[in-house]
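Report on the following structure.
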Amino acid sequence: MINVTLPDGSVRQYEKGTTALDVAKSISEGLARNVLAARVNGDVIDATRELPENTTLQLLTWNDEDGKSTMWHSSAHLMAEALEFFYPGIKLAIGPPVANGFYYDVDFMEHSISEKDLEKIEQKMKELAKEKNPYVRKEVSKADAISYFSERQDPYKLELIDGLEDGNITFYTQGNFTDLCRGPHIPDTGFIKAVKLTAIAGAYWRGDEKNKQLTRIYGVTFPKQSELEDHLQKLEEAKRRDHRKLGKELELFTFSQKVGQGLPLWLPKGAALRERLENFLKKAQRKAGYDQVITPHIGNKELYVTSGHYAKYGADSFQPIRTPDPNEEFYLKPMNCPHHCEIFKSKPRSYKDLPARFAEFGTVYRYEQSGELHGLTRVRGFTQDDAHIFCSQDQVKDEFKNVIDIVLYVLKTLNFQNFKAQISLRDPENPEKYIGSDENWEKAEQAIIEAAAEKNLNTVVAYGEAAFYGPKLDFMVQDALGREWQLGTIQVDYNLPERFELEYTGADNQKHRPVMIHRAPFGSMERFVAVLLEHCAGDFPLWLSTEQFAILPISEKYNDYAENLSQLLNNYDIRGFVDDRNEKIGKKIREAELKKIPFMLIVGEKEAENKEVSVRQRGQGDKGSMSIESFAEIVRKAIEEELSSNV
RNA sequence: GCCGGUGUAGCUCAGUUGGCCAGAGCAGCUGAUUUGUAAUCAGCUGGUCGGGGGUUCGAAUCCCUCCACCGGCUCCA
């Protein structure tokens, strides 16, 4: 007999040879139908494998992340089976589950495949799924594994086997398909009820662009057709919120082939939005003791030789700007830090001057690979809400906490609840990759960890993700498709103060090297606006809206009254316009709603007589009539509330 | 940069077995209408069919090439 401990703490006894699936059946048939895999003593294994004598068991279903990924992993095998049916002789590389489904990388050899072929592959997968073929696990020796894939002339699997230990190799077979695989897998293909192959893309073998490029097919499967439909609906919603689409519709920004790839043009409404965000942050920074500075868009080559960026990125960036003097070269600035270092150096500094905080909305240019460009999130010219703090090592922690406060204020004011904070530290295995003394690194890493803890941040620690010049703390949020984007960042830098030979005089009258902290709460104006657009679907908070109200006269007779109201609201510092076109009220309302204007003020005979306005709120409909003063008060209070989210 | 896809009016899109002057809706302009909470009606304007080259009696449609965009890969100070 074996003892099985379930998550609720209860212990049950079973015959030797019992599987997780048997346990599920003993609890209920319904549960058994939903069990995709099992967590046994911490490891996720097939639900069909024999349980050890003392087992802590958790049955995994579609509601568990591990259940889901097991299903998707099995789906990748199912897709491979279908692919081999249509394209005999193809070579399979790897087929793992990912965040939103699975993929398989395939070398199609002489075959070619396009999106049109996906449907027939889906159909075949569904057919195969209906056969309810079990996924059968088999342990094989390394020699047998090699001989199996040698016969099939699959160089990719052979390379993978080469890296595996003998005695630790397993094959999984379902139907007519056998694959090298660690598993685990779902009990049989019948669990897969809905299939959607989503995309074809290129991917390099082992992610190295020197290797052969394979064809990657992405797909997603579900245990119910309705779940697939929900998923597709979510994708539609994501498309609706896409910042590129909204940016065009709301006339915020555009691109021009003539101006160049990745170089956004901010339209009047977009520029107004940006200005509001900048002022919002400037105000917060002023309170936090920052000084605003301004530096030019280009810098002498010497500046970047000193900073080290010339050696590292010179050849892959925008090429130099020349002058009539053949010995002179200027570069577009790829970052603001070197300029700010020179500002620090502009006069002797004392410890009493520290921390010095220089802030600039600095526009920088980076030659990103053309395939990397994406709307406003990845561009070649962008404006960082940059600042550099020069402080002593002892001040790092407090400065970090102050910056965290600003970042949180920004995220909270704009209603980003689902952000992640990542602490990036050294890779303990490769200490030689980093510059700066061990002691300073130790101190800085500790300072970040403590600052984050004291600010109650929910953090993940990533070893080896630090920059070569210092550890950092990044804030990530998700876009409409669930892709993660880094917004705010705070980085410690030991490199530039060294290279620029920055120093200050300490209380001991000795020269000391300051620590530099880079930070950008938005990240960049471009990326932040993009993510914000997707986050709020274009429904900006009132304080950010370019047009806070639209006055809609019922007929042209009331245009004068409307114009007066508009002036009045302007005096209250509320922005908006009068839609004095000769159109029906229904049309004016529709268009104002589509333009995402927060308040529509409808005026006609009644309102003109009673000196009132009829207020309609975006997405909520009629709010009734009131005086213009009451309306102004409502707006004032709403904005005050939006901006008061103190940390 | 690489793989795959797309490019027709300001916007959204029809039109591709090569063939009458390249179409629609919205937007814009003109006029009628003077309107009560998500589209009033009529007329008009607008396109080197992404750029260049080629095949053909004839090209939006077929071929070559370049550019941009989209989905990925790689990269991201």
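Quick caveat, the model's predicted, so the values are computed rather than measured. Chain identifiers are assigned alphabetically (A, B, ...) following the order of the sequence lines, protein sequences preceding nucleic acid strands; residue numbering begins at 1 within each chain.
- Not a single donor-acceptor contact under 3.5 angstrom links the side-chain atoms of A:R618 to the base of B:rA38.
- Listed by chain and number, the residues in a side chain to side chain donor-acceptor pair (under 3.5 Å) with A:R499 amount to none (sequence neighbours excluded).
- Legend: residues meeting side chain to side chain contact (heavy atoms under 4.5 Å, CB included) with A:D493, ordered by chain and number and at least two apart, are A:Y469, A:N495, A:L496, A:P497, A:M516, A:H518.
- Distance A:N211 CG to B:rC2 P: 17 Å, rounded to the nearest Å.
- If you check B:rG71, B:rG28, B:rC73 against the side chain of A:R581, the one that comes closest is B:rG28.
- Under 3.5 Å, the side chain of A:Q213 and the base of B:rG4 form no donor-acceptor pair of N or O atoms.
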Polar atom pairs between nucleotides 51-53 of chain B and protein, under 3.5 Å, N or O only, would you list them?
none

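- One N or O donor and one acceptor, one from the side chain of A:R378 and one from the base of B:rC76, sit under 3.5 Å apart.
- Under the side chain to side chain donor-acceptor pair (under 3.5 Å) criterion, A:E607 pairs with no residue, sequence neighbours left out.
- For A:E593 and B:rA38, a side-chain-to-base donor-acceptor distance below 3.5 Å is present, hydrogens and geometry of angles not being considered.
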With 3.5 Å as the limit, what N/O pairs link the protein to nucleotides 41-47 of chain B?
none

Could you pull out all donor-acceptor pairs under 3.5 Å where a side-chain atom in residues 253-265 of chain A meets a protein atom, sequence neighbours excluded?
{"residue": "A:S256", "atom": "OG", "partner": "A:K258", "partner atom": "N", "Å": "3.0"}
{"residue": "A:S256", "atom": "OG", "partner": "A:V259", "partner atom": "N", "Å": "3.0"}

